[in-house]
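Residue numbers count from 1 along this sequence. For ligands, and for the atoms within them, numbers begin at 1 and follow the listed sequence.
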Amino acid sequence: MILKIFRVLSIFVLCTAGFSEVISPIKPYDYNENKANLGKSLFFDTRLNENNFSCQRCHHLLKEVTGTSKTPFSSPSILNSSMNYYFTKEGVRQSLKEEIKNMFLDTKAYNTKPSYFIAQIKKNPIYIEQFKEIYGNINFENAIDAIEEFIKALRMPSRFDYYLQGHDDVFNEDEKEGYRLFIRKGCVTCHNGANLGGGMAAYIKNAGSKKKMRTVPSLRNVAKTAPYIGNITNLKDTLRFLKLSVISSTLNEAEMDKIIIFLKTLDSEIPPILQH
Ligand code: HEC
Ligand code: HEC
């Protein structure tokens with residue numbers, strides 16, 4: 001019965017960005033190294049936050065390089081974020097810069113007044129020197145700009161990019177079949193662009209609850225970024241859930257397994273900026 005109700009779910013795809021490119025390989029690195037290194041220091045510095053934690057608290061980049069975390073909240077990954085157009089769970093189209101600024105005001109995120117953040121930066125002679133050299137002066141806009149450059153440096157190719165570029169032998173037969181199913185089963189209608197997501201929002205409506213607008217998440221590194229869709233702990237259950245809520249074609253268990261094999265090819269390399 002429930003299954004039947006779920007099967008008549010309707011989906012309203014709202015807005016698309018870059019739909020025509022469908023799926024493209026990752027764009028090449030494009031960032032200013034000095035700004036990115038300064039941004040990296042700000043990202044990890046616990047002294048700049050009113051409660052003495054850093055961005056790393058929720059967006060892990062040390063040891064486990066997922067860009068996300070399970071606690072204190074399930075936070076989205078910031079790896080490859082610079083290729084997204086839509087942010088927040090509810091699907092807001094805005095710039096990466098705006099999203100970083102929002103972290104400061106968000107009580108569930110960085111939760112620190114810009115004035116406090118800047119005052120702390122100004123106490124550090126190394127930062128004073130670096131800001132002077134790169135920007136001329138210290139202000140919130142410049143600090144956000146440096147953090148944005150750091151996030152731009154967190155763009156990492158995966159085996160899938162080499163496959164898209166024509167290196168047929170980097171995929172085995174199961175992976176190729178998984179990718180074919182990903183296209184054929186319509187995943188690509190929503191998970192498209194260089195990030196296989198992050199380019200649009202879709203209304204998801206089911207019989208049990210009101211329709212909700214959701215950002216289509218990027219699927220890069222997805223095998224490492226559980227939990228999914230709130231609190232689903234593995235990819236198989238996620239696909240079972242999606243089968244009932246957004247996927248209009250048939251999808252059996254064996255096909256799900258193949259798609260998951262493909263999704264694992266989206267695991268990225270560690271970006272150079274995190275290697276030193
Ligand atoms: C306490 C946890 C927490 C901290 C600390 C935190 N964030 Fe976030 N971050 C989140 C959550 C939660 C979201 C999702 C926001 C939403 O959906 O409205 C997010 C979203 C983001 C995104 C968007 C990712 C995407 O592509 O969707 C970026 C970029 C980001 N944060 C950067 C930062 C930076 C830079 C800092 C440090 C200045 C920071 N965050 C500190 C929890 C945190
Ligand atoms: C109509 C658009 C649409 C289609 C088609 C679609 N998805 Fe999604 N997908 C979404 C949205 C929206 C979410 C986020 C839902 C939420 O947060 O409530 C999502 C979430 C996911 C997630 C969880 C990612 C995460 O980080 O939480 C995976 C994995 C995923 N989709 C894979 C697929 C696969 C594989 C297919 C094809 C079999 C597919 N999707 C088809 C829109 C779609």
For this session: Tell me which protein heavy atom sits closest to atom 28 (C) of ligand 1, plus the residue, atom name and distance to 0.1 Å.
Result: Ile78 CG2, 3.5 Å
Problem set entry | More than 12 heavy atoms of other groups within 6.0 Å of Glu50 CD | yes
Exercise. Tell me, which protein residue and heavy-atom name are nearest atom 19 (C) of ligand 1, and how many Å apart are they?
Worked result: Met103 CE, 3.2 Å
Exercise. Looking only at heavy atoms, is any part of Thr88 under 4.0 Å from ligand 1, and if so is it the side chain, the backbone, or both, or is it neither?
Worked result: both
For this session: For residues Arg47 and Asn124, determine if any side-chain heavy atom of one lies less than 4.5 Å from a side-chain heavy atom of the other.
Result: yes
Problem set entry | Contact atoms of ligand 2, heavy-atom distance to Ile259 under 4.0 Å | 35 (C)
For this session: Would you mind running through ligand 2 and noting each atom that sits below 4.0 Å from a heavy atom of Leu235?
Result: 29 (C)
For this session: Report the nearest protein non-hydrogen atom to atom 37 (C) of ligand 1: residue, atom name, distance rounded to 0.1 Å.
Result: Cys55 SG, 1.8 Å
Exercise. Are any of the N or O atoms of His59 closer than 3.5 Å to those of ligand 1?
Worked result: yes
Exercise. Is there side-chain contact between Tyr29 and Pro157, with at least one heavy-atom pair below 4.5 Å?
Worked result: yes
Seminar exercise, completed: Any heavy atom of Ser69 under 4.0 Å from ligand 1? The part involved is neither
For this session: Find out whether Thr66 and Asn221 are in side-chain contact, i.e. whether some heavy atom of one side chain is under 4.5 Å from a heavy atom of the other.
Result: no
Problem set entry | Phe53 neighbourhood, listing ligand 1 atoms whose heavy-atom distance to it stays under 4.0 Å | 5 (C)
Exercise. For ligand 1, is there an atom lying under 4.0 Å from some heavy atom of Pro217?
Worked result: no
For this session: Determine, using ring centers only, whether Phe104 and Phe140 are less than 6.0 Å apart.
Result: yes
Exercise. Which of the atoms of ligand 2 are close to Ile204, meaning less than 4.0 Å from one of its heavy atoms?
Worked result: 12 (C)
Seminar exercise, completed: Looking only at protein heavy atoms, what sits closest to atom 27 (O) of ligand 1 is Phe87 CD2, 3.6 Å
Exercise. Okay, side chain of Lys243, backbone of Thr250: is any donor-acceptor separation there less than 3.5 Å?
Worked result: no
For this session: With heavy atoms under 4.0 Å as the rule, classify the contact between Leu239 and ligand 2 as side chain, backbone, both or neither.
Result: side chain
For this session: Would you indicate which of Asn221, Thr238, Leu242 comes nearest to atom 21 (C) of ligand 2 when only heavy atoms are counted?
Result: Leu242
Exercise. Heavy atom under 4.0 Å from ligand 2: found in Ile229's side chain, backbone, both, or neither?
Worked result: both
Exercise. Heavy-atom distance under 4.5 Å between the side chains of Val246 and Phe241, does that happen here?
Worked result: no
Problem set entry | Protein contact to atom 35 (C) of ligand 1 [nearest heavy atom, distance to 0.1 Å] | Ile147 CG2, 3.5 Å
Problem set entry | Numbered atoms and elements of ligand 1 in range of Cys58, under 4.0 angstrom, heavy atoms | 1 (C), 2 (C), 3 (C), 4 (C), 5 (C), 42 (C), 43 (C)
For this session: Compute the ring centroids of Phe171 and Tyr179, then answer whether they are less than 6.0 Å apart.
Result: no
Exercise. Can you name the N, O or S atom of His191 that is closest to atom 8 (Fe) of ligand 2?
Worked result: NE2
Problem set entry | Contacting atoms of ligand 1, where contact means under 4.0 angstrom from a heavy atom of Lys89 | 17 (O)
Exercise. Aromatic rings Phe160 and Phe262: how do their planes relate, parallel, tilted or perpendicular, breaks at 30° and 60°?
Worked result: perpendicular
Exercise. Which atoms of ligand 2 have any heavy atom of Gly186 under 4.0 Å away?
Worked result: 5 (C)
For this session: For residues Ser81 and Leu96, determine if any side-chain heavy atom of one lies less than 4.5 Å from a side-chain heavy atom of the other.
Result: yes
For this session: Just need the protein heavy atom nearest to atom 15 (C) of ligand 1, so name the residue and atom and give the distance.
Result: Glu99 OE2, 4.0 Å
For this session: Compare Leu96, Leu48, Asp106 and give the one whose heavy atom is closest to atom 29 (C) of ligand 1.
Result: Leu96
Exercise. Parallel, tilted or perpendicular for Tyr110 and Phe53, by the 30°/60° rule?
Worked result: perpendicular
For this session: Check whether the side chains of Tyr135 and Asp145 place a donor and an acceptor atom closer than 3.5 Å, and report yes or no.
Result: yes
Exercise. Which one of Ser77, Pro76, Cys190 has a non-hydrogen atom at the shortest distance from atom 3 (C) of ligand 2?
Worked result: Cys190
Exercise. So which heavy atom in the protein is nearest atom 12 (C) of ligand 1, and how far is it from that ligand atom?
Worked result: Ser75 OG, 4.1 Å
Seminar exercise, completed: Looking at Ser81, Ser218, Gly198, Ser82, the heavy atom closest to atom 26 (O) of ligand 1 belongs to Ser81
Exercise. Which of the numbered atoms in ligand 1 are below 4.0 angstrom from a heavy atom of Ser54?
Worked result: 5 (C)
Problem set entry | Residue pair Asn192 / Met200, side-chain heavy-atom distance below 4.5 Å | yes
Exercise. Can you check whether Ile118 reaches Leu48 side chain to side chain, under 4.5 Å on heavy atoms?
Worked result: no
For this session: Would you kindly check if the NZ (Lys) or CZ (Arg) of Arg159 is within the cone defined by 45 degrees around the ring axis of Tyr162 and under 6.0 Å from the six-membered ring centre?
Result: no
